[in-house]
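Scroll down for the structure; my scribbles are underneath it.
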Amino acid sequence: MRYELWDYESGNVQGIYMSLLAALQFVYDAVEREGIATLDGLVLMEVHPGGDRRMVAEERGLIPLIGVGALAI
């Protein structure tokens with residue numbers, strides 16, 4: 001299984017990760033660097049070996065997954 005981060009508005013993949021932890025670390029780091037607005041239009045997908053996809057979270061729904069403490073605004 002792998003995880004993909006997509007910019008829904010542009011339709012571009014932002015990254016492909018071999019673990020959920022790696023994908024969430026990328027999102028966490030981006031929010032720390034660029035602020036909460038970096039989540040706008042971002043979608044995290046879980047991709048199974050057969051090609052089936054499932055949305056894990058999108059936009060501000062990613063906040064609980066990366067840890068609220070990092071997002072004190």
Side-chain angles (χ1 to χ4, degrees):
M1 184 165 22
R2 70 178 190 263
Y3 295 85
E4 298 176 349
L5 282 168
W6 284 84
D7 179 332
Y8 188 78
E9 294 170 1
S10 71
N12 293 318
V13 69
Q14 300 298 303
I16 298 172
Y17 306 91
M18 300 314 291
S19 71
L20 178 59
L21 183 60
L24 294 175
Q25 185 65 55
F26 176 85
V27 173
Y28 177 92
D29 292 344
V31 169
E32 283 288 300
R33 266 190 328 274
E34 302 165 28
I36 193 108
T38 197
L39 297 176
D40 294 345
L42 196 63
V43 178
L44 177 60
M45 301 292 292
E46 178 181 85
V47 183
H48 295 268
D52 291 335
R53 295 171 173 272
R54 178 184 76 87
M55 184 177 69
V56 175
E58 63 182 330
E59 298 187 338
R60 306 290 166 112
L62 289 159
I63 293 171
L65 299 178
I66 63 172
V68 177
L71 302 175
I73 337 179

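In what follows, every heavy atom counts, from backbone to side chain, and hydrogens, waters and symmetry copies are set aside.
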Pairwise distance [atom1]([X]) to [atom2]([Y]) - rounded to 0.5 angstrom:
X: Ser19; Y: Arg2; atom1: OG; atom2: CZ; value: 13.5 Å
X: Met1; Y: Arg54; atom1: CE; atom2: CZ; value: 8.5 Å
X: Leu44; Y: Glu58; atom1: CG; atom2: CD; value: 10.5 Å

Co-membership, hydrophobic cluster, residues [X] and [Y], 4.5 Å side-chain:
X: Leu5; Y: Met55; value: no
X: Tyr17; Y: Val43; value: no
X: Phe26; Y: Met45; value: no
X: Tyr28; Y: Leu65; value: yes
X: Val56; Y: Tyr8; value: no

Work out which heavy atom in [X] is nearest to a heavy atom in [Y]; give both atom names and the distance.
X: Asn12; Y: Ser10; answer: ND2-OG, 3.1 Å
X: Val13; Y: Ile16; answer: CG2-CG1, 4.1 Å
X: Asp40; Y: Glu59; answer: C-OE2, 3.9 Å

Starting from the C-alpha separation in whole Å, work towards a yes-or-no answer on side-chain contact (heavy atoms from CB on, under 4.5 Å) for Ile63 and Val31. CA-CA 10 Å; Ile63 293 171; Val31 169; over 6 Å; no

Main-chain N/O of Trp6 paired with Gln14 side-chain donor or acceptor, under 3.5 Å: no

